[in-house]
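Whatever order the structure lists them in is the order used to number ligands and atoms, beginning at 1. In this text the structure is predicted, and so the values were computed from the model without any measurement. Quick note: numbers below take in every heavy atom, side chains included, and nothing from hydrogens, waters or symmetry partners.
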Amino acid sequence: MSAKKLIAANWKMNGSRALVEAVVQQLTYLSPDVDVLLCPPATLLPLFPASRHYALGAQNLSEHEQGAYTGELSASLISETGASYVLVGHSERRQYYGETDQLVCLKMQQAVSSALTPVLCIGETLAERQQENTEQVIAKQLAAVYASHPELLANSVIAYEPVWAIGTGESATPEQAQATHAFIRKQLAQYDAEAAAKVRILYGGSVNAANCNALFAQADIDGALVGGASLKPSEFMQICQSAKD
Ligand code: PGA
């Protein structure tokens with residue numbers, strides 16, 4: 001459990017120069033008691049002025065260091081934009097671009113070797129939850145990275161995003177999220193107990209200004225990964241302010 005919460009914005013394939021300006025303007029008034037991470041499309045990253053109010057991240061990276069991989073972005077190219085984080089294994093990448101656990105593990109290694117902090121996204125589908133396989137699915141997604149590379153945990157952020165809650169308006173309940181976060185922390189302890197106690201575990205999936213307080217009150221919820229609501233500057237700011245301790 002971390003002292004300071006982290007609120008991350010995942011703009012997905014949305015946004016514009018105007019949205020960058022609006023969000024930068026809003027976050028000027030942010031309290032220093034909360035960490036904020038903005039993950040816009042990579043082409044917008046250089047438009048953000050350096051600021052003590054937020055860190056920047058990309059939404060994806062290549063598993064390769066460099067070379068003939070048309071259309072891909074390496075960890076070092078991402079770093080050069082001023083970004084210090086990267087989302088890895090978002091369910092949309094797993095679902096629409098065929099990202100496997102093995103590929104996710106390679107991307108995690110690339111990120112950390114270029115000093116980017118990876119935000120490892122995990123979560124079960126609706127069918128998996130209905131079959132009561134949530135814990136099994138999550139344990140497998142974590143094991144695919146940390147069983148072979150436990151050293152990555154000390155540099156990771158985890159985002160638990162049940163697939164059925166993403167973009168649906170139906171968030172997990174605070175109790176459901178807390179139970180899964182506690183399970184994640186317990187699983188991670190077998191790879192590195194000290195890092196597991198400290199790692200930030202974010203909840204993602206239909207987080208908004210109305211439901212975030214109850215989520216943030218849970219012992220093992222260290223922040224949020226916010227999609228849709230992060231595109232509305234004043235609502236995103238409200239979510240960030242709610243995360244103050
Ligand atoms: P949502 O997206 O907040 O729109 O559900 C979250 C995410 O996919 O990271």
Side-chain angles (χ1 to χ4, degrees), residues 5-16 19 23 26-27 34-42 44-45 54-61 78 83 85-99 104 107-108 111 116-126 128-129 134 137-138 141-142 156-174 176-177 180-181 184 199-216 218 221-243:
K5 289 198 169 48
L6 173 64
I7 308 302
N10 175 12
W11 287 12
K12 311 191 181 187
M13 201 171 72
N14 299 296
S16 60
L19 186 63
V23 168
Q26 277 282 340
L27 294 178
V34 55
D35 289 332
V36 173
L37 166 63
L38 304 173
C39 301
L44 296 178
L45 285 168
Y54 51 77
L56 296 170
Q59 298 172 10
N60 179 32
L61 82 166
I78 291 167
Y85 286 76
V86 62
L87 305 183
V88 181
H90 190 279
S91 63
E92 287 153 16
R93 302 287 323 165
R94 294 180 192 254
Q95 195 180 342
Y96 306 140
Y97 300 95
E99 288 198 8
V104 166
K107 292 186 175 200
M108 292 290 291
L116 290 175
T117 301
V119 179
L120 174 64
C121 303
I122 57 171
E124 81 286 3
T125 62
L126 183 59
E128 289 163 342
R129 175 160 283 263
T134 300
V137 168
I138 281 165
Q141 289 171 332
L142 294 173
S156 298
V157 172
I158 309 287
Y160 168 56
E161 299 203 300
V163 178
W164 48 270
I166 294 178
T168 58
E170 189 201 343
S171 163
T173 65
Q176 279 174 326
T180 309
H181 281 225
I184 291 169
V199 68
R200 290 203 270 203
I201 308 177
L202 314 182
Y203 168 77
S206 296
V207 174
N208 58 38
N211 63 20
C212 65
N213 279 306
L215 289 161
F216 295 156
Q218 304 300 314
I221 299 186
D222 304 311
L225 179 53
V226 187
S230 75
L231 300 170
K232 301 173 196 154
S234 64
E235 180 164 10
F236 183 65
M237 180 68 173
Q238 272 182 52
I239 296 170
C240 294
Q241 298 287 23
S242 301

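- Numbered from 1 in the order shown, with element, the atoms of ligand 1 that lie under 4.0 Å from a heavy atom of Ala165 read 5 (O).
- Atoms of ligand 1 lying under 4.0 Å from at least one heavy atom of Lys12, given by number and element, are 2 (O), 7 (C), 8 (O).
- Checked by atom type and distance alone, the side chain of Ser230 never pairs as donor or acceptor with a backbone atom of Ala9 at under 3.5 Å.
- Side-chain N/O atoms of His90 and Glu99 include no donor and acceptor closer than 3.5 Å.
- Heavy-atom contacts of Gly205 reach the following atoms of ligand 1: 5 (O) (cutoff under 4.0 Å).
- For the pair Tyr160/Ile221, no side-chain contact is recorded, criterion being any heavy-atom separation below 4.5 Å from C-beta on.
- In summary, the atoms of ligand 1 found under 4.0 Å from a heavy atom of Leu225, numbered by their order in the structure, are 9 (O).
- Between Gly167 and ligand 1, at least one pair of N/O atoms sits closer than 3.5 Å.
- Using a 4.5 Å heavy-atom threshold, the side chains of Val86 and Val119 count as separate.
- In terms of modelled atom types and a separation under 3.5 Å, the side chain of Asn208 and the main chain of Ala229 share no donor-acceptor contact.
- Ligand-side atoms of ligand 1 in range of Glu161: 6 (C), 7 (C), 8 (O), 9 (O), range being under 4.0 angstrom from any heavy atom.
- Contact annotation: for Asn10 versus ligand 1, heavy atoms closer than 4.0 Å belong to the side chain alone.
- Remark: minimum distance from atom 3 (O) of ligand 1 to any protein heavy atom is reached at Gly227 N, 2.8 Å.
- Proximity of a side-chain donor or acceptor of Asn211 to a complementary backbone N or O of Ser206 within less than 3.5 Å is detected.
- Listed by atom number, the atoms of ligand 1 under 4.0 Å from Gly228 heavy atoms are 1 (P), 3 (O), 4 (O).
- Within the structure, the closest approach of Gly204 to ligand 1 does not fall below 4.0 Å when heavy atoms are considered.
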#### Entry: Worked verdict on Val137 versus Arg129 for side chain to side chain contact (heavy atoms under 4.5 Å, CB included)
CA-CA 9 Å; Val137 168; Arg129 175 160 283 263; over 6 Å; no

